[in-house]
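Okay, structure first, notes after.
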Amino acid sequence: MKPTLIFDYDGTIHDTLHIYEPVMRNTYHWLAQEGYVKEEPLARERIAGWLGLNAKEMWDDFQPQLADEIKEQAAKRNGDGMVALVRAHEARWYANAEVVLDQLKKSGYPMLILSNCKISYREAHWKEFQMERWFDRFYDCESYGFAPKTQIIKEILPKYEAPYVVIGDRVKDLDCARAVGAAFIGCLYGYGSRQELAEADVLIEDIGELPQVLDKLETGE
């Protein structure tokens, strides 16, 4: 029996920085205009480093001094802005992602997504990319009260056949795998560093490597 594949989404399938960076810069500019922060140069690498965090973690890292209600407003602006860009067909997946998913689906892998995202974000992407073609379900953290992925994965996996393989680009995805005793494939093409993913069972530098790596995991080569 093929293992159940649990994919992270942003930085693993979705090339998120393409829509996240302009939205984040707009929100930062709004905060400065409103007098909440002093606007300073914001490196692209730092923006990329927030991908994979939930909204609370991201704003606690970036502007911890802001009042909670302002962080919530900023997070909502980011969320609404990204959903608007998805609906405007501005979102994009990594090259060959659909080809790889087609191959995995044909090979009989059950596939899920577990993402630190909101319901509206999940729904927009599901519709935009017609994701039912490949995935049994897309799980978002808002539906679980923004619980950590390590908790959510324990709730959802009893519904699916073992064994499991988690695929993602951040240490939180690695933690998910370890929480349920699953193998972990780290995606270096995403937003995590090689050091962050050093304990992965396998590392890949392109999503196109995934089918071959999964074959090797199954055969124990």
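The chain is numbered in sequence order, starting from 1.
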Q. Please walk me through it: do Leu5 and Phe135 pass side chain to side chain contact (heavy atoms under 4.5 Å, CB included)?
A. CA-CA 10 Å; Leu5 308 182; Phe135 297 100; over 6 Å; no
Q) So do the side chains of Gln63 and Leu66 get within less than 4.5 Å of each other, counting heavy atoms only? A) yes
Q. So, do Phe62 and Met24 sit near enough that their side-chain heavy atoms are less than 4.5 Å apart?
A. yes
(Q) Please enumerate all residues that pass ring pair (Phe, Tyr, Trp, His ring centres under 6.0 Å) together with Tyr191, with sequence neighbours excluded. (A) none
Q) In this structure, are over 12 heavy atoms from other groups packed under 6.0 Å from Glu155 atom CD? A) yes
Q.
Whether the Gln130 and Glu132 side chains hold a donor-acceptor pair (N or O, under 3.5 Å, no angle test) is what I'd like checked.
A. no
Q: Under the side chain to side chain contact (heavy atoms under 4.5 Å, CB included) rule, collect the residues that match up with Arg122, sequence neighbours excluded.
A: Cys117, Ile119, Phe138, Asp140, Ser143
Q: Over all heavy atoms of both residues, which pair between Asp169 and Asp10 is shortest? Give the atoms and the distance, please.
A: OD1-O, 3.3 Å
Q) Should the pair Lys71-Asp60 be classified as a salt bridge under the 4.0 Å nitrogen-to-oxygen rule? A) yes
Q) Rounded to the nearest 0.5 Å, how far apart are CZ of Phe7 and CD1 of Ile113? A) 8.0 Å
Q: Output all residues satisfying salt bridge (Lys or Arg N to Asp or Glu O under 4.0 Å) with Asp80, sequence neighbours left out; order by chain, then residue number.
A: Lys76
(Q) For Tyr109, give me all partners under ring pair (Phe, Tyr, Trp, His ring centres under 6.0 Å), at least two apart in sequence or on another chain. (A) none
Q.
If you define the side chain from C-beta out and look only at heavy atoms, does anything of Ile167 sit under 4.5 Å from Asp173?
A. no
Q. Quick check: are there more than 12 heavy atoms from other residues, nucleotides or ligands sitting under 6.0 Å from NZ of Lys38?
A. no
**Q.** Remaining members of the apolar cluster that contains Ile156, side-chain heavy atoms under 4.5 Å
**A.** Ile6, Leu112, Leu114, Tyr139, Tyr144, Ile152, Ile153, Leu157, Tyr160, Tyr164, Val166, Val171, Leu174, Val180, Phe184, Leu188, Leu197, Leu203
Q: Not counting sequence neighbours, which residues clear side chain to side chain contact (heavy atoms under 4.5 Å, CB included) with Lys105? List them please.
A: Met111, Trp134, Asp136
Q: Using only heavy-atom distances, determine whether the side chains of Tyr9 and Trp93 contain a donor-acceptor pair under 3.5 Å.
A: yes
(Q) Please check: side-chain N/O of Thr4 versus main-chain N/O of Glu161, any donor-acceptor pairing under 3.5 Å? (A) yes
Q: Each residue besides Val99 in its hydrophobic cluster should be listed here, by chain and number; the cluster joins Ile, Leu, Val, Met, Phe, Trp and Tyr at side-chain heavy-atom distances under 4.5 Å.
A: none
Q: Spell out, as yes or no, whether a donor-acceptor pair under 3.5 Å connects the side chain of His18 to the backbone of Glu90.
A: yes
Q) Roughly how far, to the nearest 0.5 Å, is OG1 of Thr27 from CH2 of Trp30? A) 8.0 Å
Q) Between Arg92 and Glu128, is a salt bridge (Lys or Arg N to Asp or Glu O under 4.0 Å) present by the stated rule, with each step listed? A) CA-CA 10 Å; Arg92 66 188 185 194; Glu128 173 68 11; over 6 Å; no
Q: Output the distance between atom OG (Ser115) and atom CD (Glu142), rounded to the nearest 0.5 Å.
A: 11.5 Å
Q.
Using 0.5 Å steps for rounding, measure from the CE atom of Met1 to the CD atom of Glu218.
A. 11.5 Å
Q: Could you pull out all residues at least two apart from Gln33 that satisfy side chain to side chain contact (heavy atoms under 4.5 Å, CB included)?
A: His29
Considering only distance and modelled atom types, tabulate donor-acceptor pairs under 3.5 Å from the side chains of residues 41-52, sequence neighbours left out.
{"unit_1": "Arg44", "atom_1": "NE", "unit_2": "Glu21", "atom_2": "OE1", "d": "2.6"}
{"unit_1": "Trp50", "atom_1": "NE1", "unit_2": "Asp61", "atom_2": "OD2", "d": "2.7"}

Q | Partners passing salt bridge (Lys or Arg N to Asp or Glu O under 4.0 Å) against Arg137 (at least two apart in sequence or in another chain) | A | none
Q: Assess whether atom CD of Gln195 is packed by more than 12 heavy atoms of other residues, nucleotides or ligands within 6.0 Å.
A: no
Q: Report the C-alpha separation of Gln103 and Leu210 in whole Å, then their side-chain angles, then the decisive distance to 0.1 Å, and conclude whether the side chain to side chain contact (heavy atoms under 4.5 Å, CB included) test is met.
A: CA-CA 10 Å; Gln103 185 175 344; Leu210 195 52; over 6 Å; no
Q: Would you check if Tyr189 and Thr12 make a side-chain contact, meaning some heavy-atom pair closer than 4.5 Å?
A: yes
Q.
Between Glu209 (side chain only) and Asp206 (backbone N and O only), is there a donor and an acceptor less than 3.5 Å apart?
A. yes
Q.
Closer than 3.5 angstrom, by distance alone: can the side chain of Glu57 be matched with the main-chain N or O of Asn54 as a donor-acceptor pair?
A. yes
Q) What salt bridge (Lys or Arg N to Asp or Glu O under 4.0 Å) pairs are there with at least one residue in residues 106-121, not counting sequence neighbours? A) none
Q.
The criterion is side chain to side chain contact (heavy atoms under 4.5 Å, CB included); which residues satisfy it with Pro148, sequence neighbours excluded?
A. Thr150, Gln151
Q) Looking at Ala200 and Gly186, what are the two nearest heavy atoms and their distance? A) CB-N, 3.9 Å
**Q.** Short side-chain to backbone donor-acceptor contact, Thr16 and His14, under 3.5 Å
**A.** yes
Q. Using the ring of each side chain (for Trp, its six-membered ring), is His125 parallel, tilted or perpendicular to Tyr121, with breaks at 30° and 60°?
A. tilted
Q: Kindly indicate, with the supporting measurements, whether the criterion side chain to side chain contact (heavy atoms under 4.5 Å, CB included) is fulfilled by Leu104 and Lys2.
A: CA-CA 10 Å; Leu104 296 178; Lys2 294 289 187 182; over 6 Å; no
Q. Atom NZ of Lys154 and atom NZ of Lys149: how far apart are they, to the nearest 0.5 Å?
A. 15.5 Å
Q) Could you state the interatomic distance from SG (Cys176) to CZ (Arg170), rounded to the nearest 0.5 Å? A) 13.0 Å
Q) After noting the C-alpha distance and the side-chain angles of Asp201 and Lys216, does the key distance pass the salt bridge (Lys or Arg N to Asp or Glu O under 4.0 Å) rule? A) CA-CA 11 Å; Asp201 296 287; Lys216 288 183 178 179; over 6 Å; no
Q. Closest heavy-atom contact between Ala183 and Leu217?
A. CB-CD1, 4.5 Å
